[in-house]
Structure formats: structure tokens, C-alpha cells
2 protein chains.
Amino acid sequence: MPPAPGDREARRKDVSEAVWRVLADKGFGGLTLRSVATAMNVSTGMLMHYFPTKRALIAHALDLLEKRTAERPRRERPAEGLASVRAMLLDILPLTGDDTARNRIWVSSWDLALADEGLATGQADRYTRLRATIRPHLEAARALGELPTTADPEQLAATAVAFTHGLVVQALFDPGRFPEGVQAAMLDDFLASLGPGRT
Amino acid sequence: MPPAPGDREARRKDVSEAVWRVLADKGFGGLTLRSVATAMNVSTGMLMHYFPTKRALIAHALDLLEKRTAERPRRERPAEGLASVRAMLLDILPLTGDDTARNRIWVSSWDLALADEGLATGQADRYTRLRATIRPHLEAARALGELPTTADPEQLAATAVAFTHGLVVQALFDPGRFPEGVQAAMLDDFLASLGPGRT
DNA sequence: TTACGTACCGAACGCATGTTACGTACCTGG
DNA sequence: CCAGGTACGTAACATGCGTTCGGTACGTAA
């Protein structure tokens, strides 16, 4: 029997940490077995014990990205409606260092995803799920009178996601111009513009 | 003297075409001297005659991307104000095959740009210029009463760019869900929501 | 104890990459 | 005509990559 049955998951966690560090400052283009190995001061052969091929490592990196995104600390959800949408989008924006790293890695993964059909549909599904998560809150907002009665929640969800991720990209490239306050103000103005009150 | 002084630029144009083809379906991660060479049925040595190093080839690819973006066919600009902004943003969205390829290559370049400080500031500057191009039209729109008098043109330009590029990314990954009509409708609704009329 | 399977290292392999060197064809200037 | 420089192609080079292989240490099972 294996000498340390519980260590295996612990080791994989160590590898995950090293993969994350590499991705955060080199991106997927700089993700290599040796870079990960030297980042945790082990040999490449050790990596192969836990991830038999590089595809497996990349798959693990993407899983890790999705997992860390799902398990990131989130704001409490305030009252239903646009306030909830605001909290969800604030949780996406690169306001803290961790958020910045996570977003940076997501953007980096797009190069890979666009070149691989399987990864591309995975990313498309992820967007679909994100819109589906936001949509009920927009429906609630409409019911509360925070949106025009003619508003299309599905389309608005796509618009909100578009605004948010477009802001993410601009903020990643020019963090000095998009500090936390600016991002929050842009989000608030964007959400306010969705409100009813026009002819 | 060189045997064909005018051919040099013609040859570089051929190389550009091959580089473009490679980028369009492999991205920057798949841009290699041999992939370009085989894409135009020549040897790698021939490439080195025109681009002595790979950095030069990458720099040329980025220049090409910027040039093709700048020189792409554009809609006529209608009346000043939001209608002009609409035309500018429509010119960005991936509505045609060429637009899709161009946007795909831009997104692919972000992985490279985020890992290289020089390229990152270049991309940041590009965004600054794009916002600066849109901003005067937003000021005109405000003067025309198409925007609230309290509107901040610089911030609105950033918001419009964010919405547009966020939509670009979603559309690239899920073109079936974002056909031309959907993208245009989203843009129109987004611009309409900026209008005055609220308390 | 022995036997065995796991964990891991270090070195090597095969391959693709960027780059360089050498050779040849060709056009141009004298 | 010839001399020389340019435009390639061919072949080799060194490097870094993913992957494989033998070997050692160790803990468990019998």
C-alpha cells in the first residue's frame, strides 16, 4: 500500500500553488514543466508523478482557476435586485491583488481557449452560466421597479457581463487609471443608467 | 545595388499575409517561424532575411495588427453625437469574418502583452487613444442633449469601450449566441440607456 | 526479515524551436 | 564581359521543451 495515502492531495496542492504563481506573472504562455518545478524547488520528474502529461497540468491549471474563482471570498449579498447585481460584479472586478491575479490568468487563458475548440466551448459555457447567475437578480430588479418593464433580463445580463469584463481588461493594462474608486464609480453609473425613467 | 529594390516591400507584404493567417487560427501562442514559413511555402532562412529575429517578427505582427485595425473599412460617420459613437463601436464588433479575425488576434495578444511590460504599456496607450477618439463625440452628444448634462465624457468613453470589448470576447467564444443582430441590438440598447430622462 | 510498490531524483532522450553558417542563383554596375 | 552584393535554400547548430528511464529511499504487507 502507499506509504502516505493522504500526502498525495497535499502534494497536488503544493503543485497548484506553484502553478498559480507561474501563471500570475508569466501567463499560460510561460507555463512550462520546468518553470513550475523550479518555482517549487523540485525536479520535473516529480511533477510527472502527479500530472503524467502537460495536458494534464494545463487541465489542472484550468480547474484550479475555475475552483479559485468559485471559492473566492465574496461580499454579502444585500437586498434583492440591482444591489445584488452590483455586489456580484464588484466581486469580479480586479479591486484587490488576488482579484487582479485571477483576472490576469483568465485573460491569459483566452489565447489558449481560442485556439482549442474544446476549451473554447468550455469558456462559452462558463459565460452562459455567469449570465444565468446574474439573470434572476435582474428579473427581481425589474419586478421591484428598478428596471423598465420592457427590459430583457437575458440581454441585460450579457450587457452587464460585457461591461464588467471589458472594464477588467482595461484595468489590468492600466491599473493606475482604474483604481478601486474609479471602477466602483463606473459600475454604479452603469447600473444607474439601466434604471427606468425614460420616455 | 539590389536586384529588385521594390520587391522588398512586396515580400514583406507576403510575409504579413502568412503571419496573419497563422495568427487567425493559432493565435500568438502558435506563431512560430516554421509555421509562418510553411504557411507561405518558403524556408525559415528566407524569413530571416526580412525579419532578423523572432522579436522582430512579433513586433511586425503587432504593427500589422495595429495597421489593419487602423486601415479597416469603416462605416460612414453619420451626424455628430451618439450616432457617431454607435458607428465607431459597430466598427469594432466582430460582425464580419475580417472583424472576427482581427478581434481574435487582439484578444490572443493580451496573453503576450500582460507578460511583457513594454507591450502592456503599449496596449494601455492604445486604450487611452481609443477613449480619446470616442470622447469628443460623447461631448457633442451631451451638447446635443443626448446625454445628461452631468455626464462625464471620459468615464463614459471608458464605459463604452468596456461594454464593447466585453461583448467582443463573449461573441468570439459563442458566435452562435451573438449574431450580428444581437450585437447590434445590445449596442443600441446600451446607448439608449445612456440618454437623459431620469430623475 | 523479505518483497513490493510508491515517491522522488537526476540524467538522458527526441523533438521543435530560434538562430547561424554556407552555398548558389541572379541581377546590377562597371 | 566580370565583380559584387542581394535573395534566397539547405543544413546545421544550441537551447528549451515534454517525456522517459534507471536508480535510490522509504514505508507497508506478508
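Every chain is numbered from 1 and lettered A, B, ... according to where its sequence line falls, protein lines coming before strand lines.
In this structure, Asp14(B) places its CG atom 14 Å from C1' of dA7(D), rounding to the nearest Å. The distance between atom NZ of Lys54(A) and atom P of dT19(D), rounded to the nearest whole Å, is 8 Å. In this structure, Arg12(B) atom CZ and dC8(D) atom P are separated by 13 Å, rounded to whole Å. Taking atom CG of Leu33(A) as the reference point, atom C1' of dC9(C) lies 15 Å away to the nearest angstrom. Here the C1' atom of nucleotide dC13(C) and the CE atom of Met48(A) are 13 Å apart, to the nearest Å. The distance from atom CG of Leu31(A) to atom C1' of dG18(D) is 12 Å, rounded to the nearest whole Å. Distance Arg55(A) CZ to dG18(D) P: 13 Å, rounded to the nearest Å. Rounding to whole angstrom units, NE2 of residue His49(B) and C1' of dA21(C) are separated by 12 Å.
Look at Thr53(A) and you won't find any side-chain N or O under 4.0 angstrom from OP1 or OP2 of dG18(D). One finds a side-chain N or O of Thr32(A) lying less than 4.0 angstrom from the OP1 or OP2 phosphate oxygen of dG18(D). The side chain of Thr44(A) places no N or O atom within less than 4.0 Å of a non-bridging phosphate oxygen (OP1 or OP2) of dT19(D).
In the set dC8(C), dT19(D), dT19(C), dC8(C) carries the atom at the smallest distance from any side-chain atom of Arg11(A). Counting only heavy atoms from C-beta on, Tyr50(B) has its side chain closest to dA7(D) among dA7(D), dT17(C), dC9(C).
Side-chain contact between Pro78(A) and Arg86(A) is absent, with no heavy-atom pair separated by less than 4.5 Å.
Looking at Arg34(A), its side chain has no donor and acceptor atom pair within 3.5 Å of the base of dG16(D).
Among the atoms of the strands shown, base atoms are found under 4.0 Å from some heavy atom of Ser43(B).
At distances below 3.5 Å, not a single donor-acceptor pair connects side-chain atoms of Arg11(B) with backbone N or O atoms of Tyr50(B). Side-chain atoms of Ser193(A) never come within 3.5 Å of backbone atoms of Leu194(B) as a donor-acceptor pair (strictly under, hydrogens ignored). The backbone N or O of Ile92(B) lies less than 3.5 Å from a partner atom in the side chain of Asn103(B), making a donor-acceptor pair.
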Extract all donor-acceptor atom pairs below 3.5 Å that involve side chains of residues 112-123 of chain A and protein atoms in other chains or at least two apart in sequence.
unit_1: Asp116(A); atom_1: OD1; unit_2: Gly118(A); atom_2: N; d: 2.9
unit_1: Asp116(A); atom_1: OD1; unit_2: Leu119(A); atom_2: N; d: 2.9
unit_1: Thr121(A); atom_1: OG1; unit_2: Gly118(A); atom_2: O; d: 2.9

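Stem analysis of DNA chain D (Watson-Crick or G-U pairs, both distances under 3.5 Å, runs of at least three) returns C:1-30 with D:1-30.
Ring centroids of Tyr127(B) and His165(B) are separated by less than 6.0 Å, placing the two rings close together.
Applying the 6.0 Å contact sphere to NZ of Lys54(A) captures more than 12 heavy atoms from other residues, nucleotides or ligands.
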